Number of protein chains: 2
Amino acid sequence: MKKTCAHKHAEKKQELSSLTGRLRREAHKITSPRAAILEILRHHAHPLTNKEIFAELPKGECDLATIYRAMQLMEELGMVKRFDFGDGSARFKLVGEGDESHHHHLICTRCAEVVEIGECFPEEIERRIARANGFTGVTHRLEFFGLCPGCQK
Amino acid sequence: MKKTCAHKHAEKKQELSSLTGRLRREAHKITSPRAAILEILRHHAHPLTNKEIFAELPKGECDLATIYRAMQLMEELGMVKRFDFGDGSARFKLVGEGDESHHHHLICTRCAEVVEIGECFPEEIERRIARANGFTGVTHRLEFFGLCPGCQK
DNA sequence: AAATCAGTTGCAAACGATTTGCAATTAAAT
DNA sequence: ATTTAATTGCAAATCGTTTGCAACTGATTT
């Protein structure tokens, strides 16, 4: 199931200190559960579900509910980005300090492998659509689904 | 909340007979709950949640579970298309007999108004992405979100 | 029109993801 | 070391959706 797709990413793992700093900055505590969660997120390039995070955490390190609360908080602080692959559970990925990169994913419908798609097309079209319909603050959600090389029989 | 956005649709409401025919064709019964559900879908151009359908149904006409089952069946038969606007509940819309049109939506994040976007861009790009990553049977999900004219304060 | 049978339904219980109330803990400031 | 607001674990509660099952009903047959 789990597969590490070859990425040309610069793999710039964020310093833990930079992460905890962001929490501290907002008058939030750096608790052991949070540190553990950040440690896991730091080591994954692709979005993880709360359950997956929970599974990687040492035995009784932290409650599932705590993870849900942590992800919610960190999402508000802009530390993680939430993804919806349409399979019923949210996934989260760390967001770099200045890294506001907007990109999409190619997800294998069988093994759930995730490939990041660098580009983001709609950009210009999005503006046109917004204007044409009088909408403001328009954003979009775009994900691709298919069978990865390994899952094709 | 509910808003009827001016559409230039040809409003080709499908004949009930054509719909029930599709069910019958597959050895399925035209029950009163199903007829009622189809009647409601026939009158809505935009995807509805099962709860919304349930709400429009006369008092005790049909159980919520029955609607879930009906939508699941009709989705398999290709009679309805399922949409995921990311708000936690699925939405369904009737699909015309030959109508395989693939399109997207612009959804107001405040009042949930839905505007259909005729075009579908990624088409070509999708092929490129699939090839570039060795994926097959690639499809995509694209929805736009923003504030509709009426909800902008 | 009555009999027949597979497809359906209502209802309640089951589910999986996510949230929340609350008393007990704990990180961080004093 | 003290104080206090933030946080946690745990269990119960929500929500959308699914499912088991006995009773029911179209559609077909006789």
Side-chain angles (χ1 to χ4, degrees), chain A residues 16-17 19-40 47-77 79-92 112, chain B residues 16-17 19-40 47-77 79-92 112:
Chain A
L16 233 206
S17 58
L19 291 169
T20 57
R22 282 205 258 172
L23 276 175
R24 228 187 301 275
R25 220 176 288 157
E26 303 275 342
H28 287 297
K29 296 178 180 174
I30 313 300
T31 61
S32 122
R34 284 177 186 167
I37 293 173
L38 283 173
E39 200 49 47
I40 289 180
L48 298 176
T49 63
N50 286 338
K51 239 196 199 148
E52 291 172 333
I53 294 176
F54 184 61
E56 296 213 22
L57 244 27
K59 302 285 297 185
E61 172 64 54
C62 149
D63 191 85
L64 223 202
T66 297
I67 298 181
Y68 274 95
R69 282 188 276 233
M71 301 318 285
Q72 191 173 288
L73 170 65
M74 297 205 287
E75 183 187 17
E76 284 162 9
L77 297 186
M79 295 175 60
V80 299
K81 188 171 178 345
R82 174 192 300 261
F83 291 97
D84 173 12
F85 289 174
D87 65 346
S89 30
R91 282 152 209 272
F92 303 87
Chain B
L16 233 205
S17 58
L19 291 169
T20 59
R22 281 205 260 172
L23 275 175
R24 227 188 301 275
R25 221 177 285 159
E26 303 275 341
H28 287 296
K29 297 178 180 175
I30 313 301
T31 61
S32 122
R34 284 177 185 168
I37 293 173
L38 283 173
E39 200 49 48
I40 288 180
L48 298 176
T49 62
N50 286 339
K51 239 197 199 149
E52 291 172 335
I53 295 175
F54 184 62
E56 296 212 23
L57 244 27
K59 302 283 299 184
E61 172 64 53
C62 151
D63 192 85
L64 222 201
T66 298
I67 298 181
Y68 274 96
R69 283 189 275 232
M71 302 318 285
Q72 191 174 288
L73 170 66
M74 298 205 288
E75 183 187 16
E76 283 162 10
L77 297 186
M79 295 175 61
V80 300
K81 187 169 175 353
R82 174 191 300 261
F83 291 95
D84 173 11
F85 288 174
D87 66 346
S89 30
R91 283 151 208 273
F92 302 88

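Naming convention: chains lettered A, B, ... in sequence-line order (proteins, then strands); numbering from 1 in each chain. Note that this is a predicted model, so its numbers are computed, not measured.
In this structure, Phe92(B) places its CZ atom 11 Å from C1' of dG16(D), rounding to the nearest Å. Atom CD of Glu76(A) is separated from atom P of dA6(D) by 14 Å (rounded to the nearest Å). Note: CZ (Phe54(B)) to P (dT17(D)) measures 14 Å, nearest angstrom.
With values rounded to the nearest 0.5 angstrom, Glu52(B) atom CD is found 11.5 Å from Phe92(B) atom CZ. Here the CG atom belonging to Leu48(A) is positioned 8.0 Å from the CE atom belonging to Met71(A), to the nearest 0.5 angstrom. Separation of atoms CZ (Arg25(B)) and CG (Leu23(B)) is listed at 9.5 Å; rounding is to 0.5 Å. Expressed to the nearest 0.5 Å, how far CG of Asp63(B) lies from CZ of Arg69(B) amounts to 7.5 Å.
Comparing Gly60(B) and Ala27(B), the nucleotide of DNA chain C nearest to each residue sits closer to the 5' end for Ala27(B).
Annotation: side chain of Leu38(A) is in contact with side chain of Met74(A) (closest heavy-atom distance under 4.5 Å). Arg22(A) has its side chain out of reach of Leu77(A): every pair of non-hydrogen atoms, C-beta onward, lies at least 4.5 Å apart.
For Phe83(A), the ring pair (Phe, Tyr, Trp, His ring centres under 6.0 Å) test picks out His105(A), with sequence neighbours left out.
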How does each nucleotide of nucleotides 25-30 of chain D score, in 5' to 3' order, for protein heavy atoms under 4.0 Å: base (B), sugar-phosphate only (S), or none (-)? BBS---
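Taking all atoms of both residues into account, the shortest heavy-atom contact from Glu61(A) to Ser32(A) is OE2-OG, 2.6 Å. Smallest separation of non-hydrogen atoms from Phe54(A) and Leu64(A): CE1-N, 3.8 Å.
Taking a 4.0 Å limit (strictly below) on heavy-atom distances, residues 64-75 of chain B reaches DNA chain C at Thr66(B), Arg69(B).
The end-to-end axis angle of the helix from dT19(C)-dA12(D) to dT30(C)-dA1(D), rounded to 10 degrees and based on five pairs per end, is 30°.
Remark: side-chain polar atoms of Arg34(B) are paired, donor with acceptor, to backbone N or O of Lys29(B) under 3.5 angstrom.
Considering Ile67(B), Ile53(B), Thr31(B) as possible partners of Cys62(B), the one that fulfils the side chain to side chain contact (heavy atoms under 4.5 Å, CB included) test is Ile67(B).
At the heavy-atom level, Glu61(B) lies under 4.0 Å from the strands shown only through sugar-phosphate atoms.
Applying the salt bridge (charged side-chain N to carboxylate O under 4.0 Å, His left out) rule to pairs touching residues 80-92 of chain A yields Glu75(A)-Arg82(A), Asp84(A)-Arg141(A), Asp87(A)-Arg91(A), sequence neighbours excluded.
Where DNA chain C meets chain A (any atom under 4.0 Å from a heavy atom), the bounding nucleotides read 5' to 3' are dA17(C) to dA28(C).
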